[in-house]
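What you see below is based on every heavy atom in this structure, not just the backbone, and it leaves out hydrogens, waters and symmetry mates.
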Amino acid sequence: LVALLLPAVQAAREAARRMQCSNNIRQLAIAAHNYHDTMQSFPSGLCLWEVSGQPKNRSVSLFVQLLPQIE
């Protein structure tokens with residue numbers, strides 16, 4: 001009986017993981033469009049920010065730029 005239920009449980013878990021992954025990608029796309037509505041452009045792949053008093057610039061990825069837009 002356990003041998004019959006194990007594939008069904010694994011398939012249900014895989015479907016749940018796939019749904020969660022697609023939902024995460026959907027949320028990133030919505031955040032990118034919210035960023036575009038606010039800034040009139042999509043976020044760049046890498047943004048260099050100057051930090052006062054620091055000898056180097058800090059680089060920030062597009063995901064950091066999207067964080068305020070994620071719901």
| task | For Phe42, look at atom CZ and say whether over 12 heavy atoms of other residues, nucleotides or ligands are found less than 6.0 Å away. | result | yes

| field | Minimal non-hydrogen separation, Pro43 against Leu66, with atom names | value | CG-CD2, 3.8 Å

| Non-hydrogen atoms of Thr38 and Gln69 that approach each other most closely | OG1-OE1, 4.0 Å

| field | ILVMFWY network linking Leu67 to Ile30, side-chain heavy atoms under 4.5 angstrom | value | no

| query | Are any of the side-chain heavy atoms of Ile70 and Asn34 separated by less than 4.5 Å? | reply | no

| request: Going by the side chain to side chain contact (heavy atoms under 4.5 Å, CB included) test, name the single residue among Met19, Gln27, Gln20 that passes it with Asn23. | output: Gln27

| Val60-Leu62 co-clustered via ILVMFWY side chain contacts under 4.5 Å | no

| Just wondering, are more than 12 heavy atoms of other shown residues or ligands nearer than 6.0 Å to CZ in Arg17? | yes

